[in-house]
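Atom set for the values below is all heavy atoms of this structure, side chains included, hydrogens, waters and symmetry mates excluded. Since the model is a prediction, treat every value here as computed from it, not as a measurement.
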Amino acid sequence: MTVPNTPLDAGPLDARPQASAVSRAVGELKIGAPVAAACALLGLVMGLLWVWLAPEVPLVVHGQQVLYVDPEGEQRAGADSVFALLGAGIGILTAAAAFLATRRRGGGIAVAVGLAVGALAGSVVAWKLGVALGPTTDVVGHAKQVGDGHGFNEALALGAKGALLVWPMSAMVVLLGLSAAFGRREEDPPPYYAEPQWSQPGDPDAAADEQIEAPTKPSVEQIEAPTKPSVEENADADGTRQPK
């Protein structure tokens with residue numbers, strides 16, 4: 001007899017091919033590595049956009065001093081805000097692209113890890129590239145070059161280092177939401193009270209099923225009607241039988 005809730009084509013557990021941990025890790029790495037590399041390359045685009053969109057911080061040379069043209073200006077904070085907004089926007093785009101590219105295989109931990117690592121690497125690349133392409137960081141040398149009374153722009157800097165986490169965090173949130181709403185669903189296992197799957201004729205287990213005989217029902221002939229006691233037996237029981 002086949003064990004209940006056991007598929008008919010299920011063989012021994014040892015006969016099924018078992019993938020090794022190394023092969024599984026290599027397969028996941030092949031999926032996560034391209035995602036991380038693509039995000040790191042997008043960091044170059046983010047760095048260029050940061051240089052272009054970040055507000056300038058004007059300085060002026062006054063004698064032996066370098067002063068801010070607008071001491072109460074918010075240009076420095078504006079540069080941090082632009083970096084954070086770019087990270088949030090690119091994080092949404094990269095998460096949507098990674099989800100659509102790996103939706104058929106059902107996503108996986110490799111996609112999430114590759115996206116997080118790549119997004120963090122892309123943020124660092126954008127930060128370093130923006131600083132390198134922006135105004136020079138040698139304020140004294142630049143002041144001597146322009147001369148007294150002239151102005152120049154301060155070097156582009158990221159004051160709030162927490163902005164580096166905006167891209168990976170936004171990407172993780174969007175990826176989680178897309179996976180929960182539109183991700184691939186796995187079929188639920190049959191409930192424990194499902195009907196058992198019996199063997200079909202011709203299967204090896206069919207012979208064992210035939211050997212199990214159902215309980216036989218007693219026939220009408222085997223059921224004997226209760227016998228009625230005779231008059232003599234009743235008389236003996238009452239003690240009124242007369243001796244012969």
Side-chain angles (χ1 to χ4, degrees), residues 28-29 31-60 66-103 107-143 151-183:
E28 295 294 328
L29 185 61
I31 299 172
V35 175
C39 291
L41 291 177
L42 283 177
L44 301 175
V45 179
M46 180 176 171
L48 295 175
L49 291 175
W50 187 40
V51 174
W52 180 36
L53 298 176
E56 298 176 348
V57 182
L59 303 175
V60 63
V66 179
L67 306 176
Y68 286 103
V69 175
D70 185 8
E72 297 182 357
E74 299 180 355
Q75 292 87 348
R76 293 174 62 89
D80 298 344
S81 301
V82 170
F83 190 91
L85 291 175
L86 288 174
I90 297 179
I92 295 174
L93 294 177
T94 51
F99 172 76
L100 294 176
T102 60
R103 183 182 181 184
I109 189 64
V111 179
V113 173
L115 185 60
V117 173
L120 183 59
S123 296
V124 175
V125 170
W127 170 38
K128 296 297 183 181
L129 181 63
V131 172
L133 297 180
T136 178
T137 57
D138 186 5
V139 178
V140 177
H142 201 177
F152 60 96
N153 294 325
E154 187 182 19
L156 186 60
L158 185 63
K161 297 302 187 292
L164 295 172
L165 301 178
V166 174
W167 182 354
M169 291 178 63
S170 61
M172 289 295 98
V173 172
V174 174
L175 181 63
L176 178 61
L178 292 175
S179 300
F182 308 104

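- Looking at residues two or more places apart in sequence or on another chain, you find a side-chain contact (heavy atoms from CB on, under 4.5 Å) between L133 and L48, V51, L129.
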Check the pair L158, L164 against side-chain contact (heavy atoms from CB on, under 4.5 Å), reporting the backbone distance first and the verdict last. CA-CA 9 Å; L158 185 63; L164 295 172; 3.8 Å; yes
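- Sorted by first and then second residue, the side-chain hydrogen bond (donor to acceptor under 3.5 Å, both in side chains) pairs involving residues 80-98 (not counting sequence neighbours) are T94-W167.
- Qualifying side-chain contact (heavy atoms from CB on, under 4.5 Å) partners for L67, counting only residues two or more places apart in sequence or in other chains: V60, H62, Q65.
- The nearest pair of heavy atoms linking L156 to P135 is N-CD, 4.0 Å.
- Counting all heavy atoms, side chain and backbone alike, A119 lies closest to C39 at N-CB, 3.7 Å.
- When all heavy atoms of I92 and S170 are compared, the closest pair comes out as N-OG, 4.4 Å.
- In plain terms, the two heavy atoms of A95 and A171 that are nearest each other are CB-O, 3.3 Å.
- For the atom pair CD1 of I90 and CE of M46, the computed distance is 5.5 Å after rounding to the nearest 0.5 Å.
- By the neighbour-count criterion of 12 heavy atoms within 6.0 Å, atom CD of Q75 is densely surrounded, having more than that number from other residues, nucleotides or ligands.
- In this view, A143 and V61, V66, F152 satisfy the side-chain contact (heavy atoms from CB on, under 4.5 Å) rule, not counting sequence neighbours.
- In this structure, the side chains of L93 and L42 stay at 4.5 Å or more apart for every pair of heavy atoms.
- At least one side-chain heavy atom of P55 sits under 4.5 Å from a side-chain heavy atom of V82.
- Here the closest heavy-atom approach between residue A96 and residue L178 is recorded as CA-CD1, 3.8 Å.
- Closest heavy-atom contact between A79 and A157: CB-O, 4.2 Å.
- Within the structure, the ring pair (Phe, Tyr, Trp, His ring centres under 6.0 Å) test picks out the following pairs touching residues 69-91 (sequence neighbours left out): W50-F83.
- Legend: salt bridge (Lys or Arg N to Asp or Glu O under 4.0 Å) pairs involving residues 151-171, not counting sequence neighbours, sorted by first then second residue: R76-E154.
- The neighbour count for M169 CE, taken as heavy atoms of other residues, nucleotides or ligands under 6.0 Å away, does not exceed 12.
- Taking CG from L49 and CG from L85, the interatomic distance works out to 12.0 Å, rounded to the nearest 0.5 Å.
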